[in-house]
*Asks:* 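Mind having a look at this structure? Questions to follow.
It should be emphasised that the depicted structure is a prediction, and the values quoted were computed from it without experimental measurement. Reckoned from all heavy atoms, side chains included, excluding hydrogens, waters and symmetry mates. Protein chains get the first letters and strands the later ones, always in sequence-line order, with residue 1 at the start of each.
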Amino acid sequence: MVIIQFPDNSIKKFPSGTSALDVANSISEGLARNVLAAKVNNKVIDTLIPLEENNQLKLELLTWKDDQGKETMWHSSAHLMAEAIHFYYPKVKFAIGPPIEHGFYYDMEFPKETSFSSESFLKIEKKILELAKEKNEYKRKLVTKKEAIKYFTEKNNNYKLELINDLEDGQITFYQQGQFIDLCKGPHIPHTGHIKAVKLLNVAGAYWKGDEKNKQLTRIYGISFPKKKELTSHLERLEEAKKRDHRKIGKNMSLFMFSKKVGQGLPLWLPKGAFLRSQLVDFMKQTQLKFGYQPVITPHIGSKELYVCSGHYDKYGEDSFQPIKTPDANEEFFLKPMNCPHHCEIYKSEPRSYKDLPIRFAEFGTVYRYEQSGELHGLTRVRGFTQDDAHIFAMPHQVQSEFESVIDIVLYVLKAMGFDKYIAQISLRDPKKKEKYIGSDENWQLAEEAIIQSAKNKNLETTIEYGEAAFYGPKLDFMIKDAIGRKWQLGTIQVDYNLPERFQLEYKGSDDKMHRPVMIHRAPFGSLERFIALLIEHTGGNFPLWLTPVQFIILPISKKYNEYCYKLLNSIKNYDIRGHVDDRNETTGKKIRDAELKKIPYMLIIGEKEVTENQISVREHGGNNLGSIKEGDLMQMIKEKIDKEIEKN
RNA sequence: GCUGACGUAGCUCAGGGGUAGAGCACUUCCUUGGUAAGGAAGAGGUCGGGAGUUCAAAUCUCCUCGUCAGCUCCA
């Protein structure tokens, strides 16, 4: 007897041997047709296996509408793709093939003589759909470790054997659909027929077990859907997202550029981009003054000794830009990869008393890091960038409140820029790889606890990632997704007990003894380059009015009004609002179209009527016509809008 | 750095061994206009760079630089 409790709390009894699919069938044919997996007592399982008897089970039937339903479907799709690839390339060794946030991938080793590229996608997609039509069941089979090892030894698949080695005997399952058998813990969808549309997206290299010392396998990414239409709209969404790519918008709106001659990953800010950036810097400067920060300025290079002291040399020296040498070659300098060592030296420049603390040194420090060429990416990953950096030197008992006050700044900034979806990630050290970090266990524990506690006090919803800490201390990172869903770290706050030790930083306490301060590293924007990249992708180039480089454009209906328009422009400039006149010999329709494409918020149209009535005809970006307005009223309206934007900050 | 793809006019792209193409942008002229493209003419490129194969290379081969997707890395 199988006793089932449904999500609506109703309870029903079924005969022994009943599977989740049978239950679905008893409810409706439609549900049975759509059910992909089952959640029993919160564990996702196959729909085909008989449900456990006697104990009452909580059962939820999962379909495409459920995230775990999608996940199951994509996992099964990975198997099906493997079957199709196996059909054309029988010698391929399969490694792992999991579902991911949007779709799935499978890592595999192609025989040396076989090269695989995206040209083969079409025939594989075709084969997948062909196999899908066969509606083959995903059959689960419990095997012994011995059997599993025997099977994959015969297949000569060292990857699966390695995986089996780590598994416990008695827990090992194979899944078979059609002619394809795979080591897999499941669960899977009932049969391949659910997969109605599939698209292979790209092929890439991926290291076995994510370790670059291991062999690089071929990874094929794909996505599948239960309806063709959903695939089409998914692909359309991807196309839409590409239009928000900051590299594309940056080019179109003349915000920034790169030049091969200047160098890879070294952005050049064009006048409009530089303006936007300076608005952000001014905003942050003001914010930091309010929060008690003191600006400092340090040079772009520092001696090797400085970084040996901080530990950066040991950690990154080899992978940095190579040192700059003085003519007699006795001295070596590095391009500044971080501002903290310089700030430590400023701290040390005079004796500090407990009465001085906390001390907060802030600098828009431009730093240079030799990032691997394959990792460079528009403005989000560059080799020269500017941090809105600051270092807080505090007494141990002040760490908590200082940390929380930085969280306030970060949240304030994110909100002001309209980033309402962010991920707050607590980045701790990998306890298994302590050799990657400097400092004592005790210091790490103190620092990690301080962060976890602060996040808790601020009611932040956080995720924890091990192995993501900086080498000198743990972090609280604020991540934002870009147009195609990649996560980027923007704001970061780090607690550091280690650099103060390395730099022998001290302050005199009320007990007349010397004590060691704790450092907090923090950057609410993170890097201005990356922040602006994400700002572009989120706004699609339609920036908040206070940030936008060109706020209005005056469009004379014909050149008869050009002179009047320039007078108007001069008058408007007194209001501290930015714009210019489009005096080209073009029709009004053309000028409007161009202004729309340039995403200019206000178009001020001037013709016969406006000149005689001394009014301005105003069109907003996007097509909204505000009608005729007096100059003063319009300026007040724009001013108010800007004030509101900054006020919400 | 690794795997795969791509580099043709300022931008978006077509062409694919035999004299370099389109649309937009740009310049000049005509037109003087009313809320997303008025008309005409013109200028603009050693087809990323280098070597090779060939009578002949933008096109084929190799190398190199850069860009894109992913992996690894990310102070």
Side-chain angles (χ1 to χ4, degrees), chain A residues 105 107 110 115-119 201-221 242 245 247-248 251-252 254 257-261 263-265 307 310-317 319-320 336-341 367 369-378 380-383 387 389 427 437-438 468-473 475 484 486 488-489 492 494 496 499 521 527 530 555-562 584-597 603-610 617-627:
Chain A
Y105 66 77
D107 283 350
F110 279 85
S115 72
F116 184 85
S117 77
S118 50
E119 282 161 30
L201 297 167
N202 52 53
V203 55
Y207 301 104
W208 169 237
K209 290 191 168 171
D211 189 335
E212 65 178 327
K213 289 183 202 101
N214 288 339
K215 190 173 173 69
Q216 191 169 54
L217 306 173
T218 303
R219 174 174 295 179
I220 300 174
Y221 285 87
K242 273 190 198 156
D245 190 314
R247 292 164 298 195
K248 199 178 169 76
K251 198 178 254 175
N252 284 343
S254 304
M257 61 170 279
F258 290 90
S259 147
K260 204 195 262 192
K261 223 172 209 163
Q264 253 190 312
Y307 302 111
S310 69
H312 288 97
Y313 179 78
D314 252 10
K315 200 76 204 155
Y316 296 103
D319 308 316
S320 290
K336 174 165 81 175
M338 277 299 280
N339 303 299
C340 33
V367 296
R369 298 175 184 175
Y370 184 79
E371 304 288 0
Q372 296 185 79
S373 63
E375 192 49 54
L376 297 172
H377 181 95
T380 53
R381 195 77 186 271
V382 286
R383 285 179 173 166
Q387 299 175 309
D389 206 4
S427 304
Y437 309 91
I438 58 170
E468 293 293 313
F471 73 93
Y472 51 73
K475 312 189 281 177
I484 60 170
R486 289 173 295 210
W488 296 95
Q489 174 203 308
T492 178
Q494 311 169 2
D496 179 6
L499 286 191
H521 308 237
S527 119
R530 183 179 289 176
L555 309 181
I557 296 275
S558 92
K559 72 179 170 197
K560 277 190 277 187
Y561 314 109
N562 281 0
R584 292 176 306 159
N585 184 11
E586 293 290 353
T587 57
T588 311
K590 173 71 170 161
K591 288 179 184 178
I592 287 171
R593 177 180 154 81
D594 287 346
E596 285 288 347
L597 292 176
M603 287 155 240
L604 315 187
I605 298 160
I606 301 295
E608 184 61 35
K609 182 168 162 266
E610 287 72 19
S617 181
V618 185
R619 177 194 163 109
E620 284 183 312
H621 172 62
N624 189 22
N625 195 337
L626 299 183

*Asks:* Is any side-chain N or O of A:Arg619 under 3.5 Å from a base N or O of B:A36, one able to act as donor and the other as acceptor?
*Replies:* yes
*Asks:* Does a side-chain N or O of A:Lys213 approach OP1 or OP2 of B:C2 to a distance below 4.0 Å, or not?
*Replies:* no
*Asks:* Mind calculating the distance between CG (A:Leu604) and C1' (B:G34) to the nearest angstrom?
*Replies:* 15 Å
*Asks:* In this structure, are over 12 heavy atoms from other groups packed under 6.0 Å from A:Lys209 atom NZ?
*Replies:* yes
*Asks:* Could you check which nucleotide pairs with B:G34 in any of the strands shown, counting Watson-Crick or G-U wobble with both distances under 3.5 Å?
*Replies:* none
*Asks:* Taking the P atom in each of B:G18 and B:G4, what is the distance between them to the nearest angstrom?
*Replies:* 30 Å
*Asks:* Starting from C1' on B:C71, measure out to CZ on A:Arg486 and report it in whole angstrom.
*Replies:* 13 Å
*Asks:* Of the nucleotides B:G70, B:C65, B:A75, which has the atom closest to the A:Pro337 side chain?
*Replies:* B:A75
*Asks:* Just call it for A:Gly589: base, sugar-phosphate, or nothing, with non-hydrogen atoms closer than 4.0 Å on any strand.
*Replies:* sugar-phosphate
*Asks:* Which one is paired to B:C74, where only Watson-Crick or G-U wobble pairs with both distances under 3.5 angstrom count?
*Replies:* none
*Asks:* When rounded to the nearest 0.5 angstrom, what is the spacing between NE2 in A:His521 and NZ in A:Lys475?
*Replies:* 11.0 Å
*Asks:* With side chains defined as the heavy atoms from C-beta onward, is the minimum distance between A:Glu371 and A:Gln264 less than 4.5 Å?
*Replies:* no
*Asks:* Under 4.0 Å, counting only non-hydrogen atoms across every strand here, what does A:Gly623 touch: a base, just sugar-phosphate, or nothing?
*Replies:* nothing
*Asks:* Do A:Arg247 and B:C68 share a donor-acceptor pair, side chain to base, under 3.5 Å?
*Replies:* no
*Asks:* I'd like the P distance from B:G50 over to B:A57, given in whole Å.
*Replies:* 14 Å
*Asks:* Where the side chain of A:Asn585 is concerned, which of B:C71, B:C30, B:G1 is the nearest nucleotide?
*Replies:* B:C30
*Asks:* Between A:Arg593 and A:Glu586, is the closest basic N to carboxylate O distance under 4.0 Å?
*Replies:* no
*Asks:* A:Leu597 versus A:Asn252: any side-chain heavy-atom pair under 4.5 Å?
*Replies:* no
*Asks:* Applying the Watson-Crick and G-U wobble criteria at under 3.5 Å, what pairs with B:A25? Answer none if nothing qualifies.
*Replies:* none
*Asks:* Which base sits across from B:G66 as a Watson-Crick or G-U pair, both distances under 3.5 Å?
*Replies:* B:C6
*Asks:* Does a side-chain N or O from A:Thr587 land closer than 4.0 Å to OP1 or OP2 of B:G38, or not?
*Replies:* yes
*Asks:* Could you state the atom-to-atom distance from OH of A:Tyr437 to P of B:A75 in whole Å?
*Replies:* 10 Å
*Asks:* Taking OP1 and OP2 of B:G4, is either one under 4.0 Å from a side-chain nitrogen or oxygen of A:Ser118?
*Replies:* no
*Asks:* Ignoring backbone atoms, establish whether A:Lys248 has a side-chain N or O less than 4.0 Å from OP1 or OP2 of B:C11.
*Replies:* no
*Asks:* Hey, which of these two, A:Phe471 or A:Arg584, hits RNA chain B nearer its 5' end, going by closest nucleotide?
*Replies:* A:Arg584
*Asks:* Among B:G34, B:C71, B:G4, which nucleotide has an atom closest to any side-chain atom of A:Glu610?
*Replies:* B:G34
*Asks:* Report the nucleotide, chosen from B:G48, B:A75, B:G34, that has the shortest atom-to-atom distance to any side-chain atom of A:Arg369.
*Replies:* B:A75
*Asks:* Counting heavy atoms from C-beta on, name the nucleotide in B:G4, B:C24, B:G33 closest to the side chain of A:Ser558.
*Replies:* B:G33
*Asks:* Need one value for A:Lys609: base, sugar-phosphate or nothing, where a base atom within 4.0 Å counts as base even if backbone is also close, heavy atoms only.
*Replies:* base
*Asks:* Rounding to an integer number of angstrom, what distance separates B:C2 and B:C73 when you compare their C1' atoms?
*Replies:* 12 Å
*Asks:* Under the 5.5 Å and 30° test, is A:Tyr472 stacked on the base of B:A75?
*Replies:* no
*Asks:* For RNA chain B, whose closest nucleotide is more 5', that of A:Ile484 or that of A:Phe116?
*Replies:* A:Phe116
*Asks:* Which nucleotide, B:C74, B:C11, B:G34, lies nearest any side-chain atom of A:Tyr316?
*Replies:* B:C74
*Asks:* Between B:G70, B:A36, B:G38, which one does the side chain of A:Glu586 approach most closely?
*Replies:* B:G38
*Asks:* Give me the distance, rounded to whole Å, that separates B:G1 from B:G21 when you measure between the P atoms they each carry.
*Replies:* 38 Å
*Asks:* To the nearest angstrom, how far is A:Glu371 atom CD from B:G1 atom C1'?
*Replies:* 12 Å
*Asks:* Got a donor-acceptor pair under 3.5 Å from the side chain of A:Gln216 to the base of B:C2?
*Replies:* yes
*Asks:* To the nearest Å, give me how far apart CG (A:Leu376) and P (B:C68) are.
*Replies:* 8 Å
*Asks:* Rounded to the nearest 0.5 Å, what separation is found between the OG atom of A:Ser310 and the CZ atom of A:Phe471?
*Replies:* 5.5 Å
*Asks:* Using modelled atom types and a 3.5 Å cut-off, is there a donor and acceptor pairing between side-chain atoms of A:Arg530 and backbone atoms of A:Thr380?
*Replies:* yes
*Asks:* Any N or O donor-acceptor pair linking the side chain of A:Arg530 to the base of B:C74 at under 3.5 Å?
*Replies:* no
*Asks:* How far does CG of A:Leu604 sit from CG of A:Leu555, to the nearest 0.5 angstrom?
*Replies:* 7.5 Å
*Asks:* Counting Watson-Crick and G-U wobble pairs only, both distances under 3.5 Å, name the nucleotide matched with B:C47, or none.
*Replies:* none
*Asks:* Give a yes or no on whether a donor-acceptor pair under 3.5 Å exists between the nucleobase atoms of B:U32, that is its base, and the side chain of A:Lys560.
*Replies:* no
*Asks:* Report yes if a donor N or O on one partner sits less than 3.5 Å from an acceptor N or O on the other, where the partners are the side chain of A:Tyr207 and the base of B:G1; otherwise report no.
*Replies:* yes
*Asks:* Shortest non-hydrogen contact from A:Tyr207 to A:Asn214?
*Replies:* CD2-O, 3.6 Å
*Asks:* Is there a side-chain contact between A:His377 and the phosphate of B:A69, meaning an N or O under 4.0 Å from OP1 or OP2?
*Replies:* yes
*Asks:* The side chain of A:Ile605 is closest to which nucleotide in this list: B:A75, B:G34, B:G66?
*Replies:* B:G34
*Asks:* Does A:Arg383 have a side-chain nitrogen or oxygen under 4.0 Å from the phosphate oxygens OP1 or OP2 of B:C74?
*Replies:* no
*Asks:* Whole Å only: how far is the CD atom of A:Gln264 from the P atom of B:G48?
*Replies:* 18 Å
*Asks:* Measuring from the side chain of A:Ile592 (C-beta onward, heavy atoms only), which nucleotide among B:G38, B:G70, B:A36 has the closest atom?
*Replies:* B:A36
*Asks:* When the distance from NE2 of A:His521 to P of B:A75 is rounded to whole Å, what number comes out?
*Replies:* 12 Å
*Asks:* Taking only the P atom of each, what is the distance from B:U67 to B:U27 in whole angstrom?
*Replies:* 31 Å
*Asks:* Give a yes or no answer on whether the side chain of A:Lys591 reaches the backbone of A:Arg584 with a donor-acceptor pair at less than 3.5 Å.
*Replies:* yes
*Asks:* Using the C1' atoms only, state how far B:G7 lies from B:U64, rounded to an integer number of Å.
*Replies:* 13 Å
*Asks:* Distance between the C1' atoms of B:G23 and B:A9, in whole angstroms?
*Replies:* 12 Å
*Asks:* Measuring from the side chain of A:His312 (C-beta onward, heavy atoms only), which nucleotide among B:U32, B:U31, B:A75 has the closest atom?
*Replies:* B:A75
*Asks:* Applying the Watson-Crick and G-U wobble criteria at under 3.5 Å, what pairs with B:C60? Answer none if nothing qualifies.
*Replies:* B:G52
*Asks:* Go ahead and name the base partner of B:G17; Watson-Crick or wobble counts if both distances stay under 3.5 Å, otherwise write none.
*Replies:* none
*Asks:* Kindly say if A:Gln372 contacts the phosphate of B:C71, meaning a side-chain N or O under 4.0 Å from OP1 or OP2.
*Replies:* no
*Asks:* Distance between the P atoms of B:G52 and B:A40, in whole angstroms?
*Replies:* 47 Å
